[in-house]
Amino acid sequence: MSLLEERYRYWLRLLPASYRAEREEEMVAVFLEGSPDVSDADGPRPRWSEIASVAALAVRVRLGGAGAAPRSLAWGETVRLVALLGLLFPAFFAILTVAAALHTYGVIGTVDSSLAQVAGPLGSVERLANILRSLARAVWIAPFVALVLGHVRTAKVLALLAFVADLLVLTDPGWGLFEALAWLLMPVVTLSALWTGFHRDARPARRPLWLLVLPLAAGIVFDVLFRLVAAPDMPAWWWPWLDPLGLASTLILGAGIGYGYVHLRFPARRTPSWPLALAILAVPVLCARLAGLNHGFDAADEVSRIIMLGTLGQTAVLLLVALVLAALGLPALPAAQGPSPEPPRMTYP
């Protein structure tokens, strides 16, 4: 075996073993034909375009492309669900943020004096920066709408723009470094799932148009609830559930409990995609919560201690539910089998 062939086979290990068993020899032969008369003394290596092509093929096969095993098809559905749910939450939170901004700047209702102080003086740079931070979240609505309507490429580009807008929000001096990095895990997971799960060999899926109304309706309902429950005399244990991470935890817990009911009551509807997708989305939420656990904590203050205990309880419950969901989803994955006869075509960037 020549050095170049050995290195080609090394990179082909990115592909599933069942796929390599059927097509590795053919692929190596094709690669070597494109590099004739190469001596080991020259230290030959595969071209970066060839490595990128193998990596892209590996992603497509492992995430439900043509020729993928049933287990890979299930993982592909899971990753695409992670992308959809990962876009749904920031779209929902964007509605809440925009509604809060409209209240803060007096577009809706009367301007609260405390909110007006936070917003900054009229005409100031501080006020303009706060307005831009508030509206930056609204960009996440666009990729969610595009994905539901089936415009995958548009959704990918818009999600990248929304991620850049998130970086603008994190310029607020109130964010700590580790807290900001942990907060970015959620959009990073979403973007990764969106760009890898929705490849050109992915099976098309129809999505009901009522999904477009879901973040808007939920945002309006939660905004009304906040106006009703947010008061100076509100119990301190409520607060960990009202910030963005608390809302994300609430949605994951609600969806997890809902799936648990379906899993127990309707065995025919069991699927690995939902529990695994929810368990995956719980990871960045837990990381962000743990990173900001000591932010503003004062052991001498009773309210601060109650909030800390509530936050720890929320984190423990979310971790437990995520583990249960993973325990339900992993055994439901199909058994690994060989790929179907039709292989996906390799393309070079």
Side-chain angles (χ1 to χ4, degrees), residues 63 74-94 96 137 140 143-144 147 159 162-163 166 178-197 211 214-215 218-219 222 237-264 269-295 307-333:
L63 296 181
W75 274 117
E77 293 298 326
T78 300
V79 171
R80 287 186 283 277
L81 186 57
V82 168
L84 180 64
L85 297 178
L87 288 177
L88 189 149
F89 173 72
F92 152 72
F93 186 65
L96 282 179
R137 296 283 187 191
W140 281 106
F144 174 74
L147 186 60
F163 179 72
D166 256 6
F178 291 107
E179 189 178 359
L181 292 176
W183 178 255
L184 287 176
L185 281 178
M186 177 64 85
V188 167
V189 168
T190 301
L191 283 174
S192 301
L194 180 63
W195 279 82
T196 59
L211 283 176
L214 188 58
F222 273 83
W237 58 267
W238 266 96
W239 290 109
W241 298 96
L242 299 181
D243 64 2
L245 294 176
L247 291 173
S249 300
T250 301
L251 294 178
I252 292 174
L253 290 172
I257 293 172
Y259 175 78
Y261 173 79
V262 172
H263 184 89
L264 294 174
R269 296 186 180 181
R270 292 177 182 176
T271 171
S273 301
W274 270 96
L276 290 177
L278 292 172
I280 291 171
L281 288 172
V283 173
V285 177
L286 286 168
C287 292
R289 182 57 92 191
L290 292 173
L293 201 58
N294 292 325
H295 184 73
I307 293 176
M308 173 61 74
L309 289 174
T311 303
L312 289 173
Q314 177 192 102
T315 304
V317 172
L318 183 60
L319 177 59
L320 176 62
V321 170
L323 292 175
V324 171
L325 288 170
L328 293 177
L330 290 174
L333 286 170

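Just so it is clear, the model here is predicted, and its values are computed rather than measured. Position 1 is the first residue of the sequence; numbering continues from there.
- The shortest side-chain heavy-atom distance between Thr190 and Phe89 does not fall under the 4.5 Å cut-off.
- Across Ser273 and Ala74, no two heavy atoms sit closer than the pair OG-O, 3.8 Å.
- Scanning all heavy atoms of the two residues, the minimum distance from Leu96 to Leu247 falls at CD1-CD1, 3.4 Å.
- Residue Gly329 comes nearest to Pro275 through the heavy atom pair CA-CG, 3.7 Å, listed as atom of the first residue, atom of the second, then distance.
- Of all heavy-atom pairs spanning Ala277 and Thr78, the tightest one is N-CG2, 3.7 Å.
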What pairs of donor and acceptor atoms, side-chain ones from residues 252-262 against any protein atom, are under 3.5 angstrom apart with sequence neighbours left out?
from: Tyr259; atom 1: OH; to: His263; atom 2: ND1; distance (Å): 3.4
from: Tyr259; atom 1: OH; to: Thr271; atom 2: N; distance (Å): 3.2
from: Tyr259; atom 1: OH; to: Thr271; atom 2: O; distance (Å): 3.0
from: Tyr261; atom 1: OH; to: Arg265; atom 2: NH1; distance (Å): 2.8

Chi angles and distances behind the side chain to side chain contact (heavy atoms under 4.5 Å, CB included) call for Leu278, Leu85 | CA-CA 8 Å; Leu278 292 172; Leu85 297 178; 4.0 Å; yes

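- For the atom pair CZ of Phe93 and CG of Leu251, the computed distance is 11.5 Å after rounding to the nearest 0.5 Å.
- When all heavy atoms of Leu194 and Ala159 are compared, the pair lying nearest together is CD2-CB, 3.7 Å.
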Determine, step by step, whether Phe92 and Leu214 satisfy the side chain to side chain contact (heavy atoms under 4.5 Å, CB included) criterion, reporting the C-alpha distance in whole Å, the side-chain angles of both residues, the deciding distance to 0.1 Å, and the verdict.
-> CA-CA 8 Å; Phe92 152 72; Leu214 188 58; over 6 Å; no

Can you give me every donor-acceptor pair (side chain of residues 314-327, partner residue at least two apart or in another chain, under 3.5 Å) with its distance?
from: Gln314; atom 1: OE1; to: Ser249; atom 2: OG; distance (Å): 3.4
from: Gln314; atom 1: OE1; to: Arg289; atom 2: NE; distance (Å): 3.1
from: Gln314; atom 1: OE1; to: Arg289; atom 2: NH2; distance (Å): 3.0
from: Gln314; atom 1: NE2; to: Pro240; atom 2: O; distance (Å): 2.9
from: Thr315; atom 1: OG1; to: Thr311; atom 2: O; distance (Å): 2.8

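- Residues Pro215 and Leu211 come closest through the heavy atom pair CD-O, 3.1 Å.
- Residues Val283 and Val189 fail the side-chain proximity criterion, which asks for heavy atoms closer than 4.5 Å.
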Apply side chain to side chain contact (heavy atoms under 4.5 Å, CB included) to Leu276 and Trp75, showing your working.
-> CA-CA 9 Å; Leu276 290 177; Trp75 274 117; 3.9 Å; yes

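- Looking only at side-chain heavy atoms (C-beta outward), Phe144 and Pro90 stay at 4.5 Å or farther from each other.
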